[in-house]
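Here's the structure we're looking at; comments come further down.
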Amino acid sequence: MGIIGWIILGLLAGAIAKILLPGRDPGGLIGTTLIGIAGAFIGDWLSAKFLHKPISNHFFDAATWGSAIAGSLVLLIGYRILFGNSRD
């Protein structure tokens with residue numbers, strides 16, 4: 001998957017994670033994209049480490065999308081645990 005694919009995956013996965021977990025979180029378009037890209041890496045690592053099933057890097061693979069969204073949710077939950085409602 002190329003750089004454009006990672007950017008699109010990150011943007012959409014980050015946006016879906018923010019929709020699933022609404023609240024005041026950091027970032028606009030760029031922040032959401034970075035959360036999604038980092039979430040894809042975290043989701044892949046979690047899947048390989050705990051499920052013993054590494055994720056393939058194909059753009060249209062459901063496991064890739066699921067791990068990216070799950071990793072983004074982990075990042076958002078971690079942010080809220082660490083910083084709470086500091087943006088009030």
Side-chain angles (χ1 to χ4, degrees):
M1 192 165 38
I3 291 186
I4 301 296
W6 277 105
I7 292 171
I8 293 170
L9 173 71
L11 176 62
L12 294 175
I16 291 169
K18 283 189 172 187
I19 289 170
L20 292 175
L21 195 67
R24 295 179 57 100
D25 295 312
L29 186 65
I30 294 173
T32 301
T33 303
L34 292 176
I35 287 171
I37 292 171
F41 285 113
I42 289 173
D44 181 34
W45 178 78
L46 289 172
S47 177
K49 183 75 172 174
F50 296 110
L51 300 176
H52 304 292
K53 184 177 181 183
I55 303 299
S56 64
N57 289 327
H58 299 293
F59 186 78
F60 293 107
D61 188 21
T64 301
W65 285 89
S67 69
I69 293 168
S72 299
L73 286 170
V74 167
L75 282 177
L76 289 176
I77 290 169
Y79 175 82
R80 290 186 184 173
I81 289 172
L82 290 175
F83 299 109
N85 292 326
S86 63
R87 294 190 51 153
D88 288 338

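The first residue of the sequence shown is numbered 1, and numbering continues consecutively from there. Treat the numbers as computed from the prediction; the structure is a model and nothing was measured.
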* Linked, directly or transitively: Leu9 and Phe41 (ILVMFWY side chains, under 4.5 Å) ->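 Per the 4.5 Å side-chain linkage, Leu9 and Phe41 are co-clustered.
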
* Determine whether Leu73 and Ile19 fall in the same hydrophobic cluster, where Ile, Leu, Val, Met, Phe, Trp and Tyr are linked whenever their side-chain heavy atoms lie under 4.5 Å apart. =>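 No; Ile19 is not reachable from Leu73 via cluster members.
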
* Using a cut-off of 6.0 Å, state whether more than 12 heavy atoms not belonging to Leu20 lie near its atom CG. =>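 More than 12 within 6.0 Å, yes.
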
* Asked: Between Ser72 and Ala68, is there a donor-acceptor pair closer than 3.5 Å when you use the side chain of the first and the backbone of the second?
  ->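 Here the side-chain-to-backbone pair exists.
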
Could you state the interatomic distance from [atom1] ([X]) to [atom2] ([Y]), rounded to the nearest 0.5 Å?
{"X": "Ile8", "Y": "Ile37", "atom1": "CD1", "atom2": "CD1", "value": "10.5 Å"}
{"X": "Ile7", "Y": "Leu34", "atom1": "CD1", "atom2": "CG", "value": "9.5 Å"}
{"X": "Leu21", "Y": "Leu75", "atom1": "CG", "atom2": "CG", "value": "11.5 Å"}
{"X": "Leu11", "Y": "Ile30", "atom1": "CG", "atom2": "CD1", "value": "10.5 Å"}
{"X": "Ile16", "Y": "Trp65", "atom1": "CD1", "atom2": "CH2", "value": "6.5 Å"}

